[in-house]
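Have a look at the structure below, then the notes.
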Amino acid sequence: MVILAYNDGQYNFQTVERKWQNIWEKENTYRVPNRSEKPNYYVLEMFPYPSGALHMGHIRNYAIGDVVARLKTMSGYNVLHPMGWDAFGLPAENAAIQRGIHPVEWTRENIANMRSQQKRLGLSYDWEREVTTSDPEYYRWTQWMFLLMYNRGLAYKKLAPVNWCPTCQTVLANEQVSEGGCWRCGTPAVEKDLEQWFFRTTDYADRLLKDLDLLDGWPERVRTMQEHWIGKSEGTDVTFPLPGYENGITVFTTRADTLYGVTFMTLAPEHPLVTKLAQASPRKREIMAFVDKCRQESKIERAAADMEKEGMFLDSYCLNPLNGERIPIWVANYVLMDYGTGAVMGVPAHDQRDFEFARKYGLAIRVVITPPGTELQADDMTGAYVEPGILINSGPYNGLTNLEGLKRINAHLKDQGFGVPSVTYRLKDWLVSRQRYWGAPIPIIYCSHCGTVPVPETDLPVLLPEHIDFDPSLMSPLAHVAEFINTTCPKCSRPAQRETDTMDTFICSSWYYFRYSDPKNDRLPFSKEAAAAWLPVDQYIGGVEHAVMHLLYSRFFTKVLYDAGWVQKVEPFTNLLTQGMVIKDGHKMSKSKGNVVDPEEIIAKYGADTARLFILFASPPDKDLEWSDQGVEGSWRFLNRVWRLVKGLDVFGAIDDAHDQLSRADRDLRHKIHRTIKKVSEDVEDRFSLNTAIAAIMELVNEIYRYKDNVPSPDQNKALLKNALENVLLLLAPFAPHITAELWQQTGHTENIHDCAWPKWDETALEVEELTIVVQVNGKVRDRLVVAADSSSEEIEQLALTAPKVQPLLDNKQVDRIISVPGRLVNIVVRP
RNA sequence: GCGGAUGUGGCGGAACUGGCAGACGCGCUAGACUUAGGAUCUAGUGGGUAACGCCCUUGAGGGUUCGAGUCCCUCCGUCCGCACCA
């Protein structure tokens, strides 16, 4: 606080901010009813994981959301702006393991600290709606959601090879693994078979894809990412007969037109036929050793780009369904069991991967599509030919375009019973089981008589046991708590065992935005009326890192709840803003890089208003933001400039104003006021351009200073100045809520500034008396003309042609034509 | 490899529909006030040049146009996402 010792003229943000935060807290200013006479508006920032303290990314997220919330409130909406905690998850459990703190305690302390930080930011949350996902009153309904999925046939259990992180001792979904390692700790993932609960997201794949069209309030790039993630692919399931096996081998292909070019078949190492076929091979031992080797590499490693393609011949053959040709069957590491059918037909001439594989193992390459006019020779090829062309070596289909061939071959396959149209998605079912303590227990009971029995709704929540052994070597902590496991069957009352897996935390965050509409409901997750009053979220704001998983899962939940009749809309978030990262010295802020700026320090030194203002001013919200300590200083100076301006002008008392006519300076200032209102309103509401909105307010402040300094005191229009200052404060209020509230009160206003109406601009004040017209000759600016606003194009052109700086350039030249853009420029096009 | 961004002064960025490039802020320079300045105010600040003139300038090169940071083509750099998807 060195600065304050020097600067007696500066405003005391500590006092001001504390004062207003206390008032807002005491008066419950931001509590919002579900219904009022105003229209509802729901703005939501992605709720945080309570890691311990807020970082700059949080501040940015909340600052943006708070501007929207406050602006919408001033614009006459009943605004829901809630906050809560995504409180289940690994770090709490790791803290328990490493430091012996119980997750309940650790989470409670972190939330208390972060909530107090949020309060010191002056965010307009309705704290009465706060939710915490690790609270039994919340996870009770998360369990209810699981039962909803279960009862609708959308939750099921299967044995599946999963990514296993040896460090976290947990299963990782494919999408939770980055660069071959666990997304949390980086440990290389290995493969392991476990019985797991899944949600049938693939049942909704088509709707998740199609309804992206409804999301025109989302960034294009997020929709594209989801589209690629879902990865719809339309093709054919083609069955290759396999002597001795009734069902043959089925492959999924989008390229049935290349069927005559199949020279080998490849199976994934996990494919059930591999073991069977290997039994018949003299090299059985070798083959099984190869399969084992493949299975030890995790799926992630096998999917790596530079993975060497490897395979082995299985000493078996299947038959091409079109011509009965014998096709050798291989097992290959590049075929994935969980995409398509786990078997791929090898067409080396027209698929690059197959081409590489065939060249490596000396398999035949047969061209069946050739560019028109030439005939492609297999021996000359250096890569697969994947372009369209004309079918050759394809029996009755020779000479057709491959597209026409595709249609006819598909029809033929269908007739003969060898092929059915098929759609395959890249999207997988959602693995929701976690072998962890700190999550919502899956509400399932296993009874030796009744089998798998869901916990009755009336018995929810299934509570986490408090006393727990966090020995990290225990795969699943709950599996060691007898009083948790042992229960009675809800159906037959015999002794039975509970499921010991807990739920993926993405489930908790897939429905929290519904809970905010009715957070205290102890009979339902939320009432239909409350949800209908608020949902969908009008404006959702969060990091682009959630572009796929969280947003896709939330969309899935919303659709299921819609199908079950709980909600009226099929999409949860009407408008989405994905904010950019906060960068320092060119890199993302991270502890490992040592470039972290602690928000706590900034708020302590400059206050919340300055911190918020800088972070919003430094960059457009959807772009990355380069942190600058000096930039913060600039925002601090600006707020002080506003403070001094308002305090220094005595215009708020009884106004005895003799100015019944506006001077030129008055009219210019009035014009600037209304232009600023228009610009700020449009920048914020139409295009989220918060940085330019703040710049416009700064310009207005500069203009008021100029007026004050340049117009002699007796000539100053006090009513106008008062109006100017009031508008500055109103426009600035959503960005810097404390200082504006204080100045508003200090200038004699009794109403809270945040309850005032957002200012409206007056179109007549936007009209100008004079315009500056640029004069160009051959596209180069040569002069500027100040003309009356109502001048005609002809008048302006005449003035331009005779302008002193222009005329010499027209000597000995012929004027070809003159282009006039009204209100902007005149371009005189000349020839020598 | 595929997909998506993105490239503008010393720095963050502005220019919304093809019409004055560099708004606003930071930094810097000079001055004022001052015991002092890390406060405040004034003036200046893209580059070149003796020039209030003139020329150049939005990653590079071409093109369309009266006019291009903005549209089209080719290339280069940076960042992000996904990746054997049959």
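Order of the sequence lines sets the chain letters (A, B, ...), proteins ahead of strands, with each chain counted from 1.
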[atom1]-based separation of [M] from [N] [nearest Å]:
| N | M | atom1 | result |
| --- | --- | --- | --- |
| B:G61 | B:G69 | P | 13 Å |
| B:U78 | B:G59 | C1' | 10 Å |
| B:C71 | B:C79 | C1' | 25 Å |
| B:G13 | B:A21 | C1' | 13 Å |
| B:U6 | B:G47 | P | 28 Å |
| B:C72 | B:G1 | C1' | 26 Å |
| B:C75 | B:C2 | P | 12 Å |
| B:U57 | B:G67 | P | 15 Å |

Write down the distance between [atom1] ([X]) and [atom2] ([N]), rounded to a whole number of angstrom.
| X | N | atom1 | atom2 | answer |
| --- | --- | --- | --- | --- |
| A:L616 | B:G12 | CG | C1' | 14 Å |
| A:Y339 | B:C84 | OH | C1' | 12 Å |
| A:K623 | B:C11 | NZ | P | 18 Å |

Given that both distances must come in under 3.5 Å, which nucleotide forms a Watson-Crick or G-U wobble pair with [N]?
| N | value |
| --- | --- |
| B:A14 | none |
| B:G27 | B:U45 |
| B:U65 | none |
| B:U74 | B:A60 |
| B:U40 | B:A32 |
| B:G3 | B:C80 |

Original post:
Which sits closer to the 5' end of RNA chain B, A:R637 or A:T692, going by the nucleotide each is nearest to?
Top reply: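 It is A:T692 whose nearest nucleotide is closer to the 5' end.
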Per nearest nucleotide of RNA chain B, the residue lying toward the 5' end, A:T254 or A:E699, is A:E699
Under 4.0 Å, heavy atoms only, any strand: does [X] hit a base, just the sugar-phosphate, or nothing?
| X | result |
| --- | --- |
| A:N691 | sugar-phosphate |
| A:Q776 | base |
| A:G340 | nothing |
| A:R782 | sugar-phosphate |
| A:V829 | sugar-phosphate |
| A:D624 | sugar-phosphate |
| A:K679 | base |

_Side chains of A:T250 and A:T239: any donor to acceptor distance under 3.5 Å?_
yes
Q.
Checking A:S820 against A:E797: is there a side-chain donor and acceptor pair closer than 3.5 Å?
A. yes
What's the closest nucleotide to the side chain of [X] if the choices are [options]?
| X | options | answer |
| --- | --- | --- |
| A:V774 | B:C20, B:A86, B:G19 | B:C20 |
| A:S619 | B:A86, B:G13, B:G19 | B:G13 |
| A:A618 | B:G12, B:U6, B:C84 | B:G12 |
| A:H228 | B:C66, B:G3, B:C20 | B:G3 |
| A:V335 | B:A86, B:G13, B:A21 | B:A86 |
| A:S233 | B:C41, B:G25, B:A86 | B:A86 |

Return no unless some side-chain N or O of [X] is found under 4.0 Å from OP1 or OP2 of [N].
| X | N | value |
| --- | --- | --- |
| A:R221 | B:C80 | no |
| A:R687 | B:C16 | no |
| A:R426 | B:C82 | no |
| A:N702 | B:A23 | no |

(message) For a quick check, tell me whether the side chain of A:R784 and the base of B:C20 share a donor-acceptor pair closer than 3.5 Å.
(response) yes
Q: Show your reasoning for whether side-chain hydrogen bond (donor to acceptor under 3.5 Å, both in side chains) applies to A:N320 and A:Y260.
A: CA-CA 8 Å; A:N320 188 319; A:Y260 279 89; over 6 Å; no
**OP:** Using a strict 4.0 Å threshold on nitrogen-to-oxygen distance, state whether A:K678 and A:E682 make a salt bridge.
**Re:** yes
(message) Is the ring pair A:W330/A:F357 parallel, tilted or perpendicular, if the boundaries are 30 and 60 degrees?
(response)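 The rings of A:W330 and A:F357 stand perpendicular, inter-plane angle above 60°.
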* Kindly assign one of parallel, tilted or perpendicular to the pair A:F506 and A:H550, based on the angle between their ring planes and the thresholds 30° and 60°. =>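 Geometry flag for A:H550 against A:F506: parallel rings.
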- Task: Indicate the atoms forming the closest heavy-atom contact of A:P321 with A:F418, along with that distance.
- Result: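 Smallest heavy-atom distance, with atoms named: CB-CG, 3.6 Å.
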### Message
Give me syn or anti for B:G27, where syn covers glycosidic angles within 90 degrees of 0.
### Response
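Glycosidic conformation of B:G27: anti.
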The salt bridge (Lys or Arg N to Asp or Glu O under 4.0 Å) partner of A:E699 among A:K672, A:K679, A:R675 is A:K672
